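Indexing begins at 1, ligand by ligand and atom by atom, following the structure's order. Everything numeric in this text was worked out from a predicted model, so none of it was measured. What you see below is based on every heavy atom in this structure, not just the backbone, and it leaves out hydrogens, waters and symmetry mates.
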Amino acid sequence: MKYVSTRGQSEPVSFVDACLTGLAPDGGLYVPEAWPQIEPARPDETYVDVATRVLSTFAGESLSEEDVRGLCERAYGTFSHHSVTPLSQCGPNTFIMELHHGPTLAFKDVAMQFIGQLYDLVLGRRGQRMSVVCATSGDTGGAAAAAFAGASSVDLFILHPHERVSPVQRLFMTTTGADNIHNLAVTGDFDDCQSLVKAMFADKAFAAEVSLSGVNSINWARIAAQAVYYATAQAAIGPNRPIRFVVPSGNMGDAFAGYVAARCGLLAGFELVCAVNENKTLATLLSDGLMQREQAVATPSPAMDISVPSNFERLLFEVSGRDGDTVRRTYDQYRQSGSTILPESVRGPLGCTGFSSAVIDNGATLEEMREFKQQTGELICPHTAVGTAAERRLPKTDATTVILSTAHAAKFPETVLEATGDEASLPKRCTELLERGEVFDRVENDLKLIKDRIRGQVTAEA
Ligand SMILES: *Cc1c(COP(=O)(O)O)cnc(C)c1O
């Protein structure tokens, strides 16, 4: 199976190359050339069984099924729950899917653990070394650090905004003790970190010199790995039962994975509500077809403080009838003017995809954390609360509702304390984090300095 670019001007590539590259050379995102049909998950299959079937289908001829099984066994063996992404009931016909049992307590681990194993296997076989660079507002950096710590073929450079990530988030990045993980605390905000990373990729000579690679939310491997838990949720609820998924959303990687699961025949139907915080560009996009750049504002759910979601491009490609020209024109116009109305020809189909959205403001998010605690005795993280608050406001349905819990409450103890008055304590397996020494370097927001550091690191090891 080959992967094509959403902007239609790059050569098709294999699964492995799509995952190692991230962005296509024409600036588009990779998608399978056609949606494969995959047998739905069965209740007697383990998570690793389902992940192996789904991911070896996406890998096509670029990896053997045996290779993929090995990757999945190692990736999901790090989760603290034997079901990997268990469901727990929180109301009549309503469930929470817990995606936070990985090493860094957020759903990013589900895909990142797989990616770490994938890079290790493929680069090891090719005798190649890569520099993975990522900008993080909190969760991605930790998940990447846990996934690549000790990997012999990868140097990971994490750029986080100095003093703007929560202490627990920072500990997950800075205490791995692995000498291939390099933490750079940048004087600036998340947008500054992201601009630095984009500029590094745009410098083709530099990118080639250090074998630059990216694992941000547009990497196809992340979408593919996330499609698996939608399939296991369907198996757990019952093969023919319609499910309404409610997904706390930022860049829409998690939500788009649900769409992928549906297109590949893994779901009985497809209804998905993207729950967003006060950064509601995604909601405007889905309801009015207006794509508008807006300054992201800080909320209690920082991992969702995103303006235009990067994975929307994949959905636009689908609803345009896989027309790279429409996608390219739309993004060109958006880049030039900061805003564009989607063409009439795609707005109709967009309304029929099964996607909708709900907006939850900051006050309602904290109120929900309190109310959820009162009703169930459980603490939830502020991102998950955006999802459960959205669910309360949805019209009643006969479908079973599954809300995705995207992080553990203990990852955001300050907000949990403010909302509920309770201390959210870290699970025992994470408490040694607090005792280990942190390693990170303060750097100025200066592209040349940071590139020199990366170069220096890479040549020192060559
Ligand atoms: C990344 C993240 C999200 C948003 O996921 P997207 O795939 O970007 O939509 C939501 N919650 C948490 C805790 C996250 O880390």
Side-chain angles (χ1 to χ4, degrees), residues 29 85 96-113 115 134-147 160 165-166 168-169 172-173 190 194 215-227 229-230 245-261 272-283 285-286 296 299-315 355 357-358 360 365 369 379-390 403-413 415-416 424:
L29 276 48
T85 59
I96 299 253
M97 180 156 54
E98 299 172 356
L99 302 179
H100 51 69
H101 293 281
T104 72
L105 310 180
F107 92 96
K108 304 286 195 296
D109 286 323
V110 178
M112 213 60 93
Q113 283 292 316
I115 289 180
C134 85
T136 184
S137 60
D139 290 334
T140 302
H160 77 263
V165 298
S166 84
V168 178
Q169 287 180 318
F172 277 117
M173 298 186 243
F190 171 61
Q194 207 163 28
V215 293
N216 59 4
S217 64
I218 55 106
N219 191 300
W220 172 255
R222 289 186 53 174
I223 308 287
Q226 289 161 190
Y229 47 73
Y230 287 91
F245 290 99
V246 181
V247 183
S249 294
N251 270 317
M252 241 183 131
D254 202 358
F256 189 76
Y259 175 84
V260 169
L272 191 149
V273 183
C274 293
V276 297
N277 64 27
E278 293 187 6
N279 295 286
K280 52 184 198 293
T281 318
L282 164 56
L285 199 45
L286 289 176
T299 71
S301 46
M304 292 154 56
D305 292 347
I306 304 283
S307 180
V308 171
S310 47
N311 277 289
F312 181 76
E313 178 162 347
R314 289 189 160 108
L315 186 60
F355 279 105
S357 61
I360 301 299
T365 304
M369 291 170 76
L379 297 174
I380 49 175
C381 94
H383 306 79
T384 305
V386 171
T388 56
I403 305 145
L404 275 52
S405 166
T406 51
H408 193 289
K411 215 161 175 186
F412 301 91
T415 314
V416 171

Could you work out, with ring pair (Phe, Tyr, Trp, His ring centres under 6.0 Å) as the rule, every residue matching Phe172, not counting sequence neighbours? none
Mind checking what makes ring pair (Phe, Tyr, Trp, His ring centres under 6.0 Å) contact with Phe412, not counting sequence neighbours? His383
Enumerated ligand 1 atoms positioned under 4.0 Å from heavy atoms of [X]:
{"X": "Ala407", "value": "13 (C)"}
{"X": "Gly250", "value": "4 (C), 6 (P), 8 (O), 9 (O)"}
{"X": "Asp254", "value": "7 (O)"}
{"X": "Ala303", "value": "2 (C), 12 (C), 14 (C), 15 (O)"}
{"X": "Gly253", "value": "6 (P), 7 (O), 9 (O)"}

Answer yes or no: does an N/O atom from Ala106 fall short of 3.5 Å to an N/O atom of ligand 1? no
Within the structure, does Ser249 bring an N/O atom to less than 3.5 angstrom of an N/O atom in ligand 1? no
Value for CE (Met304) from OG1 (Thr365), rounded to nearest 0.5 Å, stands at 7.5 Å
Provide, to 0.1 Å, the distance between atom 11 (N) of ligand 1 and the closest protein heavy atom, together with that atom's residue and name. Thr406 OG1, 2.8 Å
Proximity to ligand 1 by part of [X], non-hydrogen separation under 4.0 Å:
{"X": "Met252", "answer": "backbone"}
{"X": "Asp139", "answer": "side chain"}
{"X": "Lys411", "answer": "neither"}

Proximity winner for atom 2 (C) of ligand 1, if only heavy atoms of His100, Lys108, His383 are counted: Lys108
Looking just at side-chain N and O atoms, do Arg314 and Asn311 make a donor-acceptor pair shorter than 3.5 Å? yes
Does ligand 1 have any atom that is closer than 4.0 Å to a heavy atom of Ser217? no
Could you check whether any heavy atom of Phe107 sits closer than 4.0 Å to an atom of ligand 1, since that is the contact criterion I want to use? yes
Do the side chains of [Y] and [X] get nearer than 4.5 Å, heavy atoms only?
{"X": "Phe256", "Y": "Asn251", "answer": "no"}
{"X": "Ile96", "Y": "Thr388", "answer": "yes"}
{"X": "Leu272", "Y": "Val247", "answer": "yes"}
{"X": "Gln169", "Y": "Thr136", "answer": "no"}
{"X": "Val165", "Y": "Met173", "answer": "yes"}

